[in-house]
Amino acid sequence: MTSESRPHTPAPALLPGPVLLLGAPGVGKGTQAQFLMADFGIPQISTGDTLRDNIARGTDLGKAAKGLMDQGQLVPDDLVNDMVKARLSQSDVERGYILDGYPRTLGQAEWLDAHLVSAAVETLPLVAINIRVDEQELLRRITGRRICPVCKTIYNIYSKPPKKEGVCDNDGTPLQHRSDDTEEAFTERMKAYNSLTAPVIEHYSHQGRFREVDGARSVEEVTASIESALRELRQAGE
Ligand code: AMP
């Protein structure tokens with residue numbers, strides 16, 4: 001999805017700082033991260049994308065992660081924490097960044113909180129946005145999801161099909177269906193989410209800089225809610 005293909009959301013004059021996008025598989029974290037990235041000019045850091053990239057390149061990390069990912073299970077904390085540590089040491093994160101799909105366990109959240117303090121990479125305190133969508137709708141979104149491997153645009157065969165079936169509107173690349181976007185893997189991913197990731201939401205909800213948004217609306221409405229929540233949180237300096 002490109003920022004040109006939707007009604008324009010004016011780029012807010014706001015220093016976004018570190019933003020966590022939380023929520024179950026399929027709530028739209030990746031789609032929303034792409035819009036926030038375009039609107040605020042900060043990078044999206046998706047641990048899922050980084051792991052898939054490692055799988056595609058056949059690295060040791062990719063080999064360790066593939067079986068777990070295909071079954072809908074989480075990759076061990078130390079592997080993902082190391083990936084995030086390396087990414088946060090790059091210079092493009094200075095104005096902020098969007099963490100998409102991380103942290104997913106309390107161990108990761110505690111590691112991240114401590115890392116940001118000790119490494120002094122934090123320009124502003126973290127803000128966390130939790131996107132909520134009910135589970136039946138999530139299954140439809142997951143099984144219908146198709147992704148362009150080149151520009152990473154996310155489509156859905158039911159709700160946002162490409163103009164020409166199976167190929168990306170932007171670059172004509174054949175779209176891909178993630179190997180873990182099946183009903184079986186989704187069931188496992190939801191189990192992991194409910195037992196391991198729900199406590200992360202609880203953790204950040206107690207820290208004050210937290211908002212929930214209803215993700216069952218149009219993509220544009222959800223983006224507008226997230227951006228207004230961010231503005232409120234930053235202006236309040238909570
Ligand atoms: P995602 O693209 O965020 O849906 O992630 C796809 C899969 O990658 C997950 O089901 C996990 O197997 C793995 N993964 C991504 N991020 C993490 C994380 N923060 N911790 C553990 N596993 C992760």
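Computed from heavy atoms alone, side chains included, the values below leave out hydrogens, waters and symmetry copies. Order of appearance sets the numbers: ligands from 1, and atoms from 1 within every ligand. Please read all numbers here as calculations on a predicted model, not as lab measurements.
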*Show your reasoning for whether salt bridge (charged side-chain N to carboxylate O under 4.0 Å, His left out) applies to D92 and R87.*
CA-CA 9 Å; D92 63 342; R87 183 64 185 84; 2.8 Å; yes
*Are R140 and D134 within salt-bridge range, i.e. N to O under 4.0 Å?*
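Here R140 does not pair with D134 in a salt bridge, since their nearest N and O are not under 4.0 Å apart.
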*Output yes when K85 and D82 qualify as a salt bridge under the 4.0 Å nitrogen-oxygen rule, no when they do not.*
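D82 and K85: not salt-bridged.
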Suppose we measure from [atom] to each protein heavy atom; which comes out shortest, and what is that distance?
{"atom": "atom 22 (N) of ligand 1", "value": "V75 N, 3.0 Å"}
{"atom": "atom 1 (P) of ligand 1", "value": "R104 NH2, 3.4 Å"}
{"atom": "atom 11 (C) of ligand 1", "value": "Q73 O, 3.5 Å"}
{"atom": "atom 7 (C) of ligand 1", "value": "M69 CE, 3.7 Å"}
{"atom": "atom 6 (C) of ligand 1", "value": "R178 NH2, 3.3 Å"}
{"atom": "atom 20 (N) of ligand 1", "value": "Q108 NE2, 2.8 Å"}
{"atom": "atom 16 (N) of ligand 1", "value": "T47 OG1, 2.8 Å"}
{"atom": "atom 14 (N) of ligand 1", "value": "L51 CD1, 3.5 Å"}

_Checking side-chain hydrogen bond (donor to acceptor under 3.5 Å, both in side chains) between D100 and each of Q34, Q44, K29, Q32, which is the one that passes?_
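That would be Q44.
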If you count the atoms of ligand 1 from 1 in the order shown, which ones are under 4.0 Å from a heavy atom of [X]?
{"X": "V80", "answer": "18 (C), 20 (N)"}
{"X": "R52", "answer": "2 (O), 6 (C)"}
{"X": "G101", "answer": "16 (N), 17 (C), 18 (C), 19 (N)"}

*Counting heavy atoms only, which part of D49 comes closer than 4.0 Å to ligand 1: side chain, backbone, both or neither?*
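It is neither; nothing of D49 touches ligand 1.
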*asked:* Could you tell me if the side chain of R104 sits less than 4.5 Å from the side chain of L196, heavy atoms only?
replied: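 Answer no - side chains too far apart.
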*Are side-chain heavy atoms of E183 and L139 found at a separation under 4.5 Å?*
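In short, these two side chains touch, coming nearer than 4.5 Å.
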*D113 versus H203, side-chain donor and acceptor atoms under 3.5 Å*: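 Yes.
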_Under 3.5 Å donor-acceptor, R189 side chain and G26 backbone_ =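 It does not hold such a pair.
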